[in-house]
Amino acid sequence: MDNLRRVIVDFKKLTPEVLKLLVDKYPDGYDDRNIITFKNAQGERIEAVEVTAEDTKYLVKISAKLEYTMENYDEDDYEDFAADDPAAVVDPKEMLEEDDD
């Protein structure tokens, strides 16, 4: 049994570090074989993909925002942010609105 800390991550809490782990592990995106399904403490069904850092196993909740962000990942977009800064990963809707300005 591993002694890794286990963390469930929603898109709002996604950091550049975890996003990079996802893109590195799933360079062509994830598919049904990679999805883990479980019930959270409230009994809600959750679908997530798993990535592991040095001391932590992350279960990242699947969403359209996550897929879009992974598909459009560019490491340079995050160079001015700390690896653990959840404010660095922006909702794709906000990115599209900025492009319209």
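Fair warning: this is a prediction, and the values are worked out from it, not measured in the lab. Both backbone and side-chain heavy atoms feed into the values below; hydrogens, waters and symmetry mates do not.
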- So which heavy atom on A83 is nearest to which on T15, and how close?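 Minimum heavy-atom separation between A83 and T15: O-CB, 3.3 Å.
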- Query: Closest heavy-atom contact between Y78 and A88?
  - Reply: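 Result for this residue pair: CE2-O, 3.5 Å.
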Find the distance between [atom1] ([X]) and [atom2] ([Y]) and round it off to the nearest 0.5 Å.
X	Y	atom1	atom2	value
L19	D24	CG	CG	9.5 Å
L14	D85	CG	CG	11.0 Å
K57	T52	NZ	OG1	5.0 Å
M70	D28	CE	CG	9.5 Å
E17	L22	CD	CG	10.5 Å
E79	E75	CD	CD	9.0 Å

Mind checking whether [X] and [Y] sit in one hydrophobic cluster, side chains of I, L, V, M, F, W, Y counted as touching below 4.5 Å?
X	Y	answer
V9	I36	no
L59	L4	no
Y58	F81	no
V18	V23	yes

Can you find a heavy atom in the side chain of [X] that is under 4.5 Å from one in the side chain of [Y]?
X	Y	value
I46	K61	yes
Y30	L66	yes
I8	F38	yes
F11	T69	yes

More than 12 heavy atoms of other residues, nucleotides or ligands under 6.0 Å from [atom1] of [X]: yes or no?
X	atom1	value
K12	NZ	no
D32	CG	no
K25	NZ	yes
E54	CD	no

- Decide side-chain contact (heavy atoms from CB on, under 4.5 Å) for V51 and Y26; before the verdict, give the C-alpha distance in whole Å, the side-chain angles of both, and the deciding distance to 0.1 Å. CA-CA 9 Å; V51 289; Y26 307 106; 4.1 Å; yes
- Give a yes or no on whether a salt bridge exists between R5 and D55, defined as a side-chain N under 4.0 angstrom from a carboxylate O.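 Salt bridge between R5 and D55, a charged N being under 4.0 Å from a carboxylate O: no.
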